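So the structure is just underneath, and the comments pick up after that.
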Amino acid sequence: MKENLLYFFKPLNHFYGVGEKFYKSLERLLSRPRVLELLFHFPTGFTDRTYTAPLSHIQTGKIATLKVSVLKHIQPPFKRGKKIPYKIICTDNTGNITLNFFQIYDYIKNNLQVGKSVCISGKVESFNGELIMIHPDYIVPVENFDDVAIMEPIYPLTYAVNNKMIVSLVRQVLKTMPNLPEWQPEADISFSDAIRILHTDFSNEKLRAKAKSRLAYDEVLANQLSLALSRNKVKEQCETQIKTKGMFRTALLKSLGYDLTNAQKRVVGEILTDLSSPLRMLRLLQGDVGSGKTIVAIIALLEIAEFGGQGAFMVPTEILANQHFETITKLLSNSGLTDKVKPILLTGSDKGKVKKAKLEAIKNGDANLIIGTHALFQNDVEFKNMQLAVIDEQHKFGVHQRFELSEKGGENRANILAMTATPIPRTLAMTSFGDMDLSIIDEMPPGRKIVETNLCSQSKLQQVISLIQTRLENNQIKKLYWVCPLVEESEKLDLTAVIERFEDLKKTFGEMVGLIHGKMKPDEKDNVMLDFANPNGKVKILLATSVIEVGVNVPEATLMIIEHSERFGLSSLHQLRGRIGRGGDKSTCLLLHTDKLTKVAKSRLSILKQTTNGFKIAEEDLKLRGSGDVLGIRQSGQIDFKIADLSEDTDLFFAAMQDTKNILATDKGLLNERGTNLRLLLTLFEYKEQLKNILAG
Ligand code: ADP
Ligand code: MG
């Protein structure tokens, strides 16, 4: 069996006709010049060479394959400035055809010596009443007629490789391709046959579709299976079962002043089940902006506190850390838990004695709910008994960082709850975060008003300013956000623009404008933010770069102005828009854009006008920008599917997920007959790590 599998990993220079030069080109074409890569290099179409007819009756304008014998060669006469072809006249005894060569080589002359019988293939045309063929695609001995008269696949090519070379190499490789034992017992086309069909059989569209779908399923199944194996392995690394009476939870829920939505209740249930099970929790909580993820996280953290452990709540910005700290402190005091749960805030701005005291409290367990930024990762942070790491806005952290924090749990790796408001299309979530279980809050708290979204040219800025002035005076607006883009590549320029806008707005609004951007000191930022969040604060207009994108909650804010919105990703705009519409009042989002907006850019922005459904927006973003951009993890070794398509083959992904569950339920070590065959599948699709580290044997 091993040998059969090894065939697929054979370098292509083991095959006839692949010299050093061809091999180099194959390297360029396939990146890894091995059998498997060649076989997955599928044709994009085909040339029909099956047509043949006697020359007396042949149709012109078609590609034909003909048996002819050579009558004579005609040297071109020399004429200045005119290119006259070298002509070779051939016959099939019913008529003649002239082969025209604008470039002639000795080997062509040799292959077509007068009197020889040959098979030629190419487009037959008529010229001055004569039949001609310009540079035949094939000139081969007659006995090879059947090899030429086929549907010829057309391959994507690169420099110094022509189609004929690939066709003949693929044929050679297919001839000796072995069969592999079946890992899809239900499939009616085998792995090898599916490959063969896609390279050679162009007549039956239905069969081709079936073959492609078989291979796509192989690819998706390998992906899902490998992710599930990693997930199971990681889950086994936690032995603490968190079981409580739920007293803290009950006290909190009583004091909230609102009921959890059904979606929140369901997710809380999923989390509690995970925590109380002997396996480690690895859960991704997805919920649109404003869907109420924070309270769910707090419930989980209180559960840990009641059990006697420590929980960490990590967020990407200091503003957000402050806000969560305040929310939690208030909730604890409302629910009478102040003496039981001790929250602490740790950020990069903590220095000296204060920092030392906080670190001590974390180490000796005095603090049992630790809220912080990246600062929580640092080496000097030691926990006494960390049992849950909540990572808010997890897409702002690297994919690997989400596990780093949980390592602080020591021997017993902590449970992980990662949260994101970036609605990830389901298939993308399954493949990128498939190593985590997924919970979704798909319901908004009641009473939310839909935010009205409008597009407006940047040139109408003065009108916008006057409108704001009137509305503020009439108390129709209490607070508003004004966002300017800040892109890393042109950071300096953008920052200047933000500060200019600040000076500009101050002329009209004076002290009512507050400025906040990433280059400011944390406490400066906090002061502005606190004033803005305070209903009685003097800051009414918060001028900001996209630092406010994540998490901030100011229910009085009902207007969001975004300058040069064409420079933002759709999902970012959706997140920004999620900052408003949080109170009872009607909210409006105004997308200012350059006058020179292209049609495409305009229709892109219009998507936001049409829908407030984050998933739809993310799917559009996926189509427009590709998966890496949507997740913001382009560099993190995202899987590229060769055959399956993330946005089209959704059904296959779900089927493979189900299949994986069934497989591992009965054979979690992949040891029975199908399991053994599935190991071959994992090897074929390069999931070696999983085989080596996770599976024994
Ligand atoms: P996000 O999911 O974007 O993090 P938050 O957790 O910040 O959203 O919640 C947004 C707002 O909704 C907060 O002010 C929160 O108090 C409120 N909220 C959360 N759940 C509910 C609920 N079930 N009913 C009413 N309001 C809620
Ligand atoms: Mg949030």
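One-based numbering, in listed order, for ligands and for the atoms of each. Being a predicted model, the structure only gives us computed values, none of them experimental.
- When heavy-atom distances to ligand 1 are checked against a 4.0 Å cut-off, Leu260 comes that close only through its backbone atoms N, CA, C and O.
- The option with the heavy atom closest to atom 5 (P) of ligand 1, from among Thr261, Val296, Thr294, Thr327, is Thr294.
- For Met419, no heavy-atom contact with ligand 1 is shorter than 4.0 Å.
- The closest heavy-atom contact to atom 1 (P) of ligand 1, among the options Gln286, Lys293, Arg579, comes from Lys293.
- If you look at Asp259 next to ligand 1, the close heavy atoms, those under 4.0 Å, all belong to the backbone.
- Looking at residues two or more places apart in sequence or on another chain, you find a side chain to side chain contact (heavy atoms under 4.5 Å, CB included) between Lys265 and Leu260, Asn262.
- The atoms of ligand 1 that sit less than 4.0 Å from any heavy atom of Val289 are 3 (O).
- Taking a cutoff of 4.0 Å between a charged side-chain nitrogen and a carboxylate oxygen, Arg266 and Asp442 qualify as a salt bridge.
- Distances between N or O atoms of Gly292 and those of ligand 1 include at least one value under 3.5 Å.
- The shell of residues lying under 4.0 angstrom from ligand 1, judged by heavy atoms, includes Ser291.
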Evaluate the criterion side-chain contact (heavy atoms from CB on, under 4.5 Å) for residue pair Glu326 and Leu530; output intermediate values, then yes/no.
CA-CA 11 Å; Glu326 265 160 43; Leu530 281 175; 3.8 Å; yes
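- Checked by atom type, the side-chain pair Ser439/Glu270 shows a donor-acceptor distance below 3.5 Å.
- For Arg280 and Asp274, the salt-bridge test fails: no basic side-chain N is under 4.0 Å from an acidic carboxylate O.
- Residue contact annotation: Gly290 has a non-hydrogen atom under 4.0 Å from ligand 1.
- There is a side-chain donor-acceptor pair under 3.5 Å between Thr261 and Gln264.
- When each atom of ligand 1 is checked for a heavy atom of Arg582 under 4.0 Å away, the hits are 3 (O), 7 (O), 10 (C).
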Please determine whether side-chain contact (heavy atoms from CB on, under 4.5 Å) holds for the pair Glu318 and Ser349, giving the CA-CA distance in whole Å, both sets of side-chain angles, and the decisive distance to 0.1 Å.
CA-CA 9 Å; Glu318 292 202 17; Ser349 1; 2.7 Å; yes
